[in-house]
Amino acid sequence: MPNVILRAENIYKKYGNLEVLKGISFRVNQGETTVIIGPSGTGKSTLLTCINQLTPPDKGHIWLEDTEITHPDTDINLIRSSIGMVFQHFNLFTHLSVLDNVRIGLLVVKKIPMSEATKISMEKLNDVGLGDKVNAYPAELSGGQQQRVSIARALAMKPKLILFDEPTSALDPELIGEVLNVMTKLAESGMTMVVVSHEMGFARAVANDIIFMENGVIVEEGKPDKMFIQSENPRTKEFLHKITELYGGKKE
Amino acid sequence: MEQINIIWQGLPSLLSGTVTTIILTIYFLGLGFVMGIILALGRVYGSRIINYIIIRPFERFFRAVPALVLLFLFYFGSSFFNLNFSPFVAAILAMGLRSAAYQSEIFRGAIQSIGDGQMKAARSIGMNMFQSIRYIILPQALRLSIPPWANEYAVVLKDTSLAYAVGVTELLRQGRYIVARTFGNALLVYTFCALIYFILVFIGNQILKKLEKKYKIPGHEIQAPKQQSVLERI
């Protein structure tokens with residue numbers, strides 16, 4: 001039995017009268033990558049931010065290993081420090097250098113001494129191929145580089161799991177590859193990841209599990225091969241067909 | 001020659017008045033800065049109730065009532081509550097709180113101009129609200145606040161002269177003493193006072209400009225538009 005890292009049960013979320021999530025349940029095993037796909041406005045991003053409580057769900061329970069995230073007594077800052085998050089628009093701290101962007105969580109949240117924090121940060125920045133950019137500022141980097149810094153920032157905290165919210169949607173087509181490469185390497189190294197993405201090639205090659213969401217519910221869930229080749233639901237078929245045409249997703 | 005002599009003899013008292021003016025400015029701006037940041041954070045992150053009961057009425061009041069009226073209220077009004085503020089203390093409270101109301105607007109605008117992605121990212125790595133504000137939001141907001149704050153500096157510095165009205169012996173009052181003592185020479189003495197105010201504003205603005213340059217974020221420089229606009233090319 002694989003080790004379950006993340007377990008969500010019956011997540012509901014409303015914005016005003018708009019019901020965004022209508023009872024979502026899923027689980028993510030240690031070391032596996034789950035890719036969430038679906039049309040825009042179906043609550044994929046909301047689901048991610050429900051996991052780390054940036055937008056707390058209205059109903060439902062979420063567990064990170066044995067800790068219930070949604071329990072009112074849980075120290076949410078402690079939980080968040082062990083769940084990395086990578087945003088669509090990178091959200092790097094604009095006033096901090098690349099090194100400080102990665103280091104600040106270690107210094108401020110984990111209270112790790114400066115020399116140790118610097119060592120860890122340098123290591124992570126080298127991992128994403130930006131060891132030579134440590135003194136640059138976010139505005140001086142390309143989108144792909146910025147996104148890689150934000151992955152390093154998440155990695156430095158030694159997360160149990162990383163959430164990716166459309167990490168390549170804001171990038172020029174030329175820069176998508178470098179970010180996907182880093183993510184693929186991460187997945188191969190055994191990092192647990194939940195990825196909202198339209199990159200079907202990536203989903204097919206890397207995902208252990210694909211979740212197709214529409215209108216706030218999970219329509220279908222399964223292994224990539226099953227989903228791409230013999231999905232049961234006609235809506236899944238249609239969506240995958242369209243999106244594969246658009247983004248490409250032929251198995252390499 | 002006689003004129004130079006008047007200024008020369010009055011110089012010690014004018015300089016001591018200048019020192020008082022500088023001290024008043026520091027107190028006004030200092031109180032305004034601390035209170036202004038607290039108010040601005042309350043405006044942006046505070047509960048609706050606190051905003052409607054305390055912060056907004058406070059800001060409205062101190063921005064709507066003339067500075068001179070505030071000074072009179074704090075000075076002459078304090079005896080009504082058996083507080084009996086000295087002119088100096090009354091001036092600091094009246095003008096400091098007034099500056100807080102204005103500075104709060106500066107900081108609020110700066111904080112709100114920072115995208116909410118910054119706060120989300122800070123929270124997502126486990127920072128609590130205080131840490132996020134202290135390490136991520138304020139460092140950015142304060143940088144953005146420098147240009148409008150330079151404006152506030154000039155206004156507050158000049159408004160120290162209003163403290164004259166409740167009896168603080170600042171630059172303008174020292175000047176007034178000299179005019180009274182030497183029977184006339186108003187134009188000369190007040191021009192000299194004006195010059196001192198001008199120099200103080202000028203020096204302060206230069207310092208703030210240096211500060212702005214020193215703390216500007218690489219890649220965020222504001223560049224003068226070099227290209228012609230479309231309209232000009234037509």
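Chain identifiers are assigned alphabetically (A, B, ...) following the order of the sequence lines, protein sequences preceding nucleic acid strands; residue numbering begins at 1 within each chain. The basis for the numbers below is simple: all heavy atoms, side chains too, and nothing from hydrogens, waters or symmetry mates.
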Determine whether the aromatic ring centres of B/F107 and B/F33 lie less than 6.0 Å apart. yes

Out of A/V109, A/L141, A/L163, A/L96, return the one with the most heavy atom pairs under 4.5 angstrom to chain B. A/V109

With chain B as the partner, which of A/N52, A/L78, A/L92, A/I79 has the greatest number of non-hydrogen pairs under 4.5 Å? A/L92

Hey, can you tell me if B/Y153 and B/W149 have their rings parallel, tilted or perpendicular (30° and 60° cut-offs)? parallel

Cut-off 4.5 Å, heavy atoms of chain B, and the answer for A/F93 is both

Face-on cation placement of B/R143 at B/Y215 ring, 6.0 Å and 45° thresholds: no

So is B/R134 actually on top of B/F130's ring, under 6.0 Å and inside 45° of the axis? no

